[in-house]
Enquirer: 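Before anything else, here's the structure in question.
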Amino acid sequence: MKARSKRLVALFATLAMTVSLLAGCGGGSSEPASSDSSEGAAETEQAAEPEAAEDTDAADTGEEAADTSTASGDVNSTPRNETLYFAGQQWGTINDWNPFSANSNNAMAIQQKDSSRTLIYETLFMFNMLDGQLYPLLATDWAWDDDAMTSMTIHLNPDAHWSDGSALTAEDVAYTWDCNVKYESSLGVDFPNYVESITAVDDTTVELKCALDDAGNPTNPLKVQQLLQQMYIMQKAYLETVETRNDSDKEAMKLDKMDDLVASGPYMPFYDDDQKVVFIRDENYWGQADSMWGKLPAPKYIAHVIYADNNAGQIALKAGEVDVCQQFITDVQKLWEDEGLPITTYIDEPPYGQCATMPSCWMNVDVEGLDQVEVRKAIAMATDYDQIIASAMSNQSPTFKDVPRSTMNPTDGEQALYDQAAVKDLQFAGNDIDGANALLDEAGIVDSDGDGIREYNGKPLSFKAECPDGWTDWMASLEIVASSAKNIGIDIQTYFPDTNTFYNDITTGAFEICMNSPSGSSVTNPWGRCMQFLSSQYADLEVNWSGNWSHYRNDEADEILAKIPLETDEATLKEYYTRLNEIYLTDVPNFALMYRPELFYAVNETVWTGYPMKDDGSNVPPTDCTDGYGIAALYNLTLVE
């Protein structure tokens, strides 16, 4: 626990006793894991950004006091001192518990991004963003079978078993893969490009064969490693049951609610409605074996009230009704400095969190005017990044003076992968109005009619910049981009549609300038992020969720991006990444506005303590006690005495 939290524990002991009487399940059906969850409009998993709730006025959370005993079996109450409450992850009613579905709206259970959420379903390995390593979960180890990386062998933990008590075997792993491919889940559509087959050698040994190109080389070993921490392993017997009731119909399989699921994780569904989601610990969870965690996670219940907006979640955090909050909180330090609350973040001082991604301004190069590198670079040079970081981010980001601009996130591991000195002369600090004006003047892009707006090909440089309404920090950032551009004779008008409209615009290319985030820290990064910034592979997709929303094309960048996954020599990789950054900083198809945590992370230590903190020696990342190796936090939590 941090020093400030230690000083405050005594002051809040009485409050903790009071808060422990709070419950959480609101009203609704008393049936656990209801299968009647609303089929109403819900965003797809691809569109489930953490800022998706509007930052509006305070809303009543609907929490009511409840008895601290569940001896009666009443799912509408869980003991506060056995329940870990979350905010900022689940927005709206759960649709299903189906990993094949593209519309589960079940972020607490099914979230497979840079690190997978493994409270209920589990993966073979867990990714740790702090060191970039894969840690054992259902599997104990993996290794390439040859130097060419054409196949790998994976060994499973023999202690792993399902929630029904049956052993988890290599047949389950192989059948999970086959069903993803057969029923064309998003994973099953993407990864066959890199994986040819997954087969069971014996009960605890799996062989994975890579897809090969015409020259006999694996198409992408990095993506193969990504699969190890992304594919949720499902029970073969259960999948066969689901197939039977759906006649193995592809669409029916993806629509099945799977509310009778069999899983391997530490928790199972307990209750859900349009007010709250609750998981209950599996007391027979295999992970308590000495070969894994050696014990059960500390909280018996995991709960998430479905708050109306970020403000409601923040109010609940301050009141001690939320323990772990995944929301951007303006001036988060004031919660402990001014209000004296037992709230802490991963780092004591700015930027308060472990920044791992770079929300960026993407300029559509298919739009006239933005197809000119001088216009794009001038907008980037003029933008006042210090103002964005100070006001929009309330200093919860390193500055670009602290961490020079590149395709790399600000972690030490990625920063060491390119030659910063080689691209030093290409850097732009921001708020360089004179330099941006000179660049445009030299290119002959001038204001010829005296209206204050420069023209290109006789048309004024006037563009619309968008991000979702309610994402207040992003909205403020784009306002600063627009204001800065006016100082160099470029008219940028901000536009804030609803989230669904925004994602339709960005994925179909129906925008001029937008704000969006590339991936953060993952097994495939920084290669994957460079793909998102520069790869022509994504430029012509009819519906593009993958990246390169600028529609930028560069043959040399494509050639380098194709080589990186097959390269193991560190010096050569550094040359490749340095050259990609030279291209990125020269052509400026997009530019980062800030650094940002992959997940925001503020915790209230009124009830629970022992959360991951920087330099605590635990090596547990601040991924909200739920994602990748971050789930290890659940085994370190203790109650505040």
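The structure presented is a predicted model; accordingly, all values stated were derived computationally and were not measured.
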Enquirer: Is the closest side-chain heavy-atom distance between T83 and Y85 below 4.5 Å?
Expert: yes

Enquirer: Can you name the nearest heavy-atom pair linking D203 to L156, along with the distance?
Expert: O-CD1, 4.0 Å

Enquirer: Does any N or O in the side chain of Q532 come within less than 3.5 Å of the main-chain N or O of W549, such that one atom is a donor and the other an acceptor?
Expert: no

Enquirer: Determine whether E605 and T609 satisfy the following criterion, side chain to side chain donor-acceptor pair (under 3.5 Å), listing intermediate values before the conclusion.
Expert: CA-CA 5 Å; E605 293 183 283; T609 190; 2.7 Å; yes

Enquirer: Is there a donor-acceptor contact under 3.5 Å from the side chain of N636 to the main chain of G610?
Expert: no

Enquirer: Can a donor-acceptor pair be found between the side chains of T626 and D624 at a distance below 3.5 Å?
Expert: no

Enquirer: Can a donor-acceptor pair be found between the side chains of S104 and N95 at a distance below 3.5 Å?
Expert: no

Enquirer: Determine whether the side chains of N619 and Y629 contain a donor N or O and an acceptor N or O closer than 3.5 Å.
Expert: no

Enquirer: Under 3.5 Å, side chain of N525 to main-chain N/O of G520, donor-acceptor pair present?
Expert: yes

Enquirer: Will you find, in the side chains of S517 and T357, an N or O donor that is under 3.5 Å from an N or O acceptor?
Expert: no

Enquirer: Can you tell if the side chain of P192 reaches within under 4.5 Å of the side chain of V181, non-hydrogen atoms only?
Expert: yes

Enquirer: Within 45° of the ring axis of F191 and under 6.0 Å from its six-membered ring centre, is that where the NZ or CZ of K223 lies?
Expert: yes

Enquirer: Taking the six-membered ring for Trp, are Y232 and Y121 ring centroids under 6.0 Å apart?
Expert: yes

Enquirer: Are the side chains of L168 and Q235 in contact, using a 4.5 Å heavy-atom criterion?
Expert: no

Enquirer: Does the pair D473/R596 count as a salt bridge with the N-to-O cut at 4.0 Å?
Expert: yes

Enquirer: A side-chain contact here means heavy atoms from C-beta on lying under 4.5 Å apart; do I329 and L335 qualify?
Expert: yes

Enquirer: Does any non-hydrogen side-chain atom of D569 lie less than 4.5 Å from one of Y576?
Expert: no

Enquirer: If you measure only the distance, is there a donor-acceptor pair under 3.5 Å linking the side chains of W362 and N548?
Expert: no

Enquirer: Could you tell me whether E283 and R281 make a salt bridge, using a distance below 4.0 angstrom between a side-chain N and a carboxylate O?
Expert: yes

Enquirer: Treating N604 as the side-chain partner and E321 as the backbone partner, does any N or O pair qualify as donor plus acceptor under 3.5 Å?
Expert: no

Enquirer: Does a sphere of radius 6.0 Å around CG in N193 hold more than 12 heavy atoms from other residues, nucleotides or ligands, not counting ones at 6.0 Å or beyond?
Expert: yes

Enquirer: For the residue pair W144 and P221, establish whether any side-chain heavy-atom pair is separated by less than 4.5 Å.
Expert: yes

Enquirer: With no hydrogens and no angle check, just 3.5 Å: does a side-chain donor-acceptor pair link W527 and E567?
Expert: no

Enquirer: Under a 4.5 Å cut-off applied to non-hydrogen side-chain atoms, are Y584 and N590 in contact?
Expert: yes

Enquirer: If I compare all heavy atoms of W142 with all of F125, which pair ends up nearest, and what's the gap?
Expert: CD1-CZ, 3.6 Å

Enquirer: Please report the C-alpha distance between S291 and D159 in whole Å, then the side-chain angles of each, then the deciding distance to 0.1 Å, and finally whether the side chain to side chain donor-acceptor pair (under 3.5 Å) criterion is met.
Expert: CA-CA 7 Å; S291 62; D159 288 322; 2.5 Å; yes

Enquirer: Tell me if a side-chain donor or acceptor on D309 pairs with a main-chain N or O of A312 at a distance below 3.5 Å.
Expert: yes

Enquirer: Checking T153 against E207: is there a side-chain donor and acceptor pair closer than 3.5 Å?
Expert: no

Enquirer: Do Y285 and W293 have ring centroids that are under 6.0 Å from one another?
Expert: no

Enquirer: Would you sort out whether D260 and Y238 count as a side chain to side chain donor-acceptor pair (under 3.5 Å), showing the intermediate values?
Expert: CA-CA 9 Å; D260 58 346; Y238 176 73; 2.6 Å; yes

Enquirer: Could you work out, with side-chain contact (heavy atoms from CB on, under 4.5 Å) as the rule, every residue matching K182, not counting sequence neighbours?
Expert: Y175, E243

Enquirer: Angle between ring planes, F400 versus Y595, binned at 30° and 60°: parallel, tilted or perpendicular?
Expert: tilted

Enquirer: Going by atom types alone, do Q396 and S394 pair a side-chain donor with an acceptor below 3.5 Å?
Expert: yes

Enquirer: Is it true that Y301 and Y267 have ring centroids separated by less than 6.0 Å?
Expert: no

Enquirer: Is a side-chain donor or acceptor of N98 paired with a backbone partner of M253 at a separation under 3.5 angstrom?
Expert: yes

Enquirer: Q112 side chain to Q230 main-chain N or O, any donor-acceptor pair under 3.5 Å?
Expert: yes

Enquirer: Who passes side-chain contact (heavy atoms from CB on, under 4.5 Å) against T176, sequence neighbours left out?
Expert: N180, M231, I233, M234, L239

Enquirer: Is the closest side-chain donor-acceptor distance between S116 and Q111 under 3.5 Å?
Expert: no

Enquirer: Does a donor on one side chain sit under 3.5 Å from an acceptor on the other, for Q89 and R117?
Expert: yes

Enquirer: Between N128 and Q133 (side chain of the first, backbone of the second, donor and acceptor by atom type, cut-off under 3.5 Å), is there such a pair?
Expert: no

Enquirer: Would W162 and D172 count as a side chain to side chain donor-acceptor pair (under 3.5 Å) here? Give the steps.
Expert: CA-CA 10 Å; W162 297 104; D172 295 312; 3.0 Å; yes

Enquirer: Can we say E414 and R529 salt-bridge, meaning some charged N sits less than 4.0 Å from an Asp/Glu carboxylate O?
Expert: yes

Enquirer: Is it true that K254 and D96 have a side-chain N and a carboxylate O under 4.0 angstrom from each other?
Expert: no

Enquirer: Would you tell me whether T411 and N409 have side-chain atoms, one donor and one acceptor, within less than 3.5 Å of each other?
Expert: yes

Enquirer: I343 and L317: side chain to side chain contact (heavy atoms under 4.5 Å, CB included), yes or no, with the steps?
Expert: CA-CA 8 Å; I343 292 174; L317 173 70; 3.9 Å; yes

Enquirer: Give the ring-plane orientation class for Y611 versus Y601, where under 30° counts as parallel, over 60° as perpendicular and anything between as tilted.
Expert: perpendicular

Enquirer: Treating S406 as the side-chain partner and M408 as the backbone partner, does any N or O pair qualify as donor plus acceptor under 3.5 Å?
Expert: yes

Enquirer: Quick one: do the D282 and S163 side chains pair a donor with an acceptor below 3.5 Å?
Expert: no

Enquirer: Strictly distance-based, threshold 3.5 Å: is any side-chain N or O of H304 a donor or acceptor partner for the main-chain N or O of G88?
Expert: yes

Enquirer: Quiz question: by atom type and distance under 3.5 Å, do the side chains of T150 and D145 form a donor-acceptor pair?
Expert: no

Enquirer: Could you check, using the six-membered ring where one of them is a Trp, whether F328 and F600 have ring centers closer than 6.0 angstrom?
Expert: yes

Enquirer: Answer with yes or no whether the side chains of T507 and N544 bring together a donor and an acceptor at under 3.5 Å.
Expert: no

Enquirer: Side-chain contact test, heavy atoms from C-beta onward, threshold under 4.5 Å: evaluate it for L208 versus C210 and give yes or no.
Expert: yes

